[in-house]
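One structure below.
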There are 2 protein chains.
Amino acid sequence: MTRVLVVDDEPQILRGLRTNLVARGYVVDTAPDGEAALDLAARHRPDVVIVDLGLPGIDGVDVIRGLRTWTAVPIIVLSAREQESEKVDALDAGADDYVTKPFGMGELLARVRASERRAVSPDAEEAVVRTPAFTVDLTAKKVVAADETAIRLTPTEWHLVEILVRHPGKLVGQRQLLQEVWGPRYEEETNYLRVYMAQIRRKLEPEPARPRFFITEPGMGYRFEPGG
Amino acid sequence: MTRVLVVDDEPQILRGLRTNLVARGYVVDTAPDGEAALDLAARHRPDVVIVDLGLPGIDGVDVIRGLRTWTAVPIIVLSAREQESEKVDALDAGADDYVTKPFGMGELLARVRASERRAVSPDAEEAVVRTPAFTVDLTAKKVVAADETAIRLTPTEWHLVEILVRHPGKLVGQRQLLQEVWGPRYEEETNYLRVYMAQIRRKLEPEPARPRFFITEPGMGYRFEPGG
DNA sequence: CGTCGACGTCAAGATCGCGTCAAGGGGGCT
DNA sequence: AGCCCCCTTGACGCGATCTTGACGTCGACG
């Protein structure tokens, strides 16, 4: 399941893209302006972002910069402007691709596929992490306890678990966690981390009061220890 | 140093691209056809490949397929053909980007930069410093004793250890330590250093009273000696 | 031999960060 | 429209960590 965020101020284009993408099996979010786009991106964590440069309010290039402060998600730019300086600015701000309107839907879809392929390929291996108490399947986005029962995680819980599990043994700073899960404006809300780490431990740790796998490093961050 | 492989059958374009890329500090290989391209790619392992679709002999799309059998190197396609089906084929064969001729050099360079940026980010190097008594993992922010037991450091302790370990064998002034850990207003508080160095030695030195690794240079600062 | 400066040690109070609980509100699904 | 789940937010207690001061030790130097 690939989630695509489309940002454009023209309702027709938005509708056209949504229809085509949904028909290909994508899950689609749409945003009419930059504000909504940044907000949605932080909450829904799209796998690909398609953004129009000519937006009301925040400029498209600034949307790209805003995203790039905290995520490496592939960004495809749409634009009616042919000027080379526009393209260079958008690409150097962190965009991955640039398509000029009018564009063919087939081409755009092919570029989306290329973006997906790039993002998924590096970690295709070893998508399952096992511990003595539970198993995390990163591609299926599932957690299974040692006794084979499935464990349900909320989106936010999963997001945290995913980040920690992808860096086994490494300390992940609270800033980084907050930024990646909630967005760059939440770097100070260490409260969230405490609440959610407690919930995660309740669901995954044999003894939530004595964490073996999700270790707190006071004042610094959290660490996932696969060995326990 | 980034190595770029340019594949095109028109000598002028080849020369133009080489000149521009070399001027930007890239190392450039050129190939006039697909055979030479695949051969050069295998031998020189480029970081980015720029390939023209209209090649004599092997088709450009087949060059892409050939590369994709063994490498994930970013591939940028150049082409005079505007047809959408061409673009879709090239992208689905594994290309990352597609630029139609005539193209602006600034745009192409920006797309090369975008490719580079994507490729470099996922690689995080391991920074580990070993001594006979303990091992410091700078990326995981972890210290392990010689007997494999983990050693817990507080944030301040870790900060000090990190600075010293990153300058092995070198003397680090007390001013510098105080400034980096506590801030510029604490440059005179050499007390702090004494307290924390004592704690660090208690945790890491086999004989805290006779430091082997964290050496005091009276009146000047401290030094980390990996050999002990 | 005495003094002085710098360092190591220790202990106690203040502060900070963490885990926990619970209530409120909003959005999605039926 | 109603319900339920999830996210947000605040308060509280406890333990760990930081800060701070005092004291002992050692070596250099006069």
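Protein chains get the first letters and strands the later ones, always in sequence-line order, with residue 1 at the start of each.
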Pairs meeting criterion salt bridge (Lys or Arg N to Asp or Glu O under 4.0 Å) with involvement of residues 69-78 of chain A, two or more places apart: none
Let me know, please, whether T190(B) or R202(B) comes out on the 5' side of the other along DNA chain C by nearest nucleotide. T190(B)
Contact list (N/O, under 3.5 angstrom) for nucleotides 22-30 of chain D vs protein:
none

Is there side-chain contact between I200(B) and M197(B), with at least one heavy-atom pair below 4.5 Å? yes
Between atom NZ in K203(B) and atom C1' in dT17(D), what is the gap in whole Å? 9 Å
Those residues at least two apart in sequence (or on a different chain) that pass side-chain hydrogen bond (donor to acceptor under 3.5 Å, both in side chains) with E217(B) are R223(B)
Which side-chain hydrogen bond (donor to acceptor under 3.5 Å, both in side chains) pairs, counting each pair once, include a residue from residues 128-138 of chain A, with sequence neighbours left out? D137(A)-T139(A)
Please determine, by modelled atom types, if T2(B) and E116(B) share a side-chain donor-acceptor pair under 3.5 angstrom. yes
Short side-chain N/O contact to dG8(C) OP1/OP2 from T216(B), under 4.0 Å: yes
Return the angle between end axes of the helix from dC1(C)-dG30(D) to dT30(C)-dA1(D), with five pairs used per end and rounding to 10°. 30°
Does anything in residues 191-206 of chain B form a salt bridge (Lys or Arg N to Asp or Glu O under 4.0 Å)? List the pairs, not counting sequence neighbours. E157(B)-K203(B)
Each nucleotide N or O in nucleotides 11-15 of chain C that has a protein N or O under 3.5 Å away: list the pair and distance.
none

Distance below 4.0 Å between Y196(A) side-chain N/O and dC7(D) OP1 or OP2: yes
Does the side chain of Q199(B) get closer than 4.0 angstrom to OP1 or OP2 of dT9(C) through an N or O atom? no
Provide, to the nearest angstrom, the distance between the CH2 atom belonging to W182(A) and the C1' atom belonging to dC6(D). 12 Å
Euclidean distance, R111(A) CZ relative to F103(A) CZ, rounded to 0.5 Å: 11.0 Å
Nearest whole Å is fine: how far is dT19(D) C1' from E188(B) CD? 17 Å
Sorted by number, the residues of residues 154-166 of chain B with heavy-atom contact under 4.0 Å to DNA chain D: T154(B), P155(B), T156(B)
Round to a whole Å and report the spacing from CZ of R210(B) to P of dT9(C). 11 Å
Distance, nearest 0.5 Å, that separates OG1 of T216(B) from CG of L193(B): 9.5 Å
Which residue pairs pass the salt bridge (Lys or Arg N to Asp or Glu O under 4.0 Å) test when at least one of the two sits in residues 56-74 of chain A, sequence neighbours left out? D62(A)-R65(A), R68(A)-D96(A)
Counting side-chain heavy atoms from CB outward, which of dC21(C), dT8(D), dC5(D) is closest to R152(A)? dC5(D)
Sequence neighbours excluded, the answer for ring-ring contact (aromatic ring centres under 6.0 Å, His included) partners of Y196(B) is W182(B)
It should be established whether Y222(B) places a side-chain nitrogen or oxygen under 4.0 Å from OP1 or OP2 of nucleotide dG8(C). yes
Apply the test side-chain contact (heavy atoms from CB on, under 4.5 Å) to residues L38(A) and L67(A): give CA-CA distance (whole Å), side-chain angles for both, the deciding distance (0.1 Å), then the verdict. CA-CA 7 Å; L38(A) 290 173; L67(A) 288 169; 4.0 Å; yes
Please identify each residue that fulfils side-chain hydrogen bond (donor to acceptor under 3.5 Å, both in side chains) with E189(A), with sequence neighbours left out. none
Y192(B) atom OH is separated from dG8(C) atom C1', nearest whole Å, by 17 Å
Roughly how many Å is it from CD in Q174(B) to P in dG8(C), rounded to a whole number? 10 Å
Give every residue pair that meets the salt bridge (Lys or Arg N to Asp or Glu O under 4.0 Å) criterion with at least one member in residues 141-152 of chain A, sequence neighbours excluded. none
Parallel, tilted or perpendicular, judged at 30° and 60°: which one describes the rings of F134(B) and F214(B)? parallel
Nearest-Å distance for atom pair CG/P, residues L177(B) and dC7(C): 12 Å
Rounded to whole Å, please give me the gap between CE in M197(A) and P in dC18(C). 11 Å
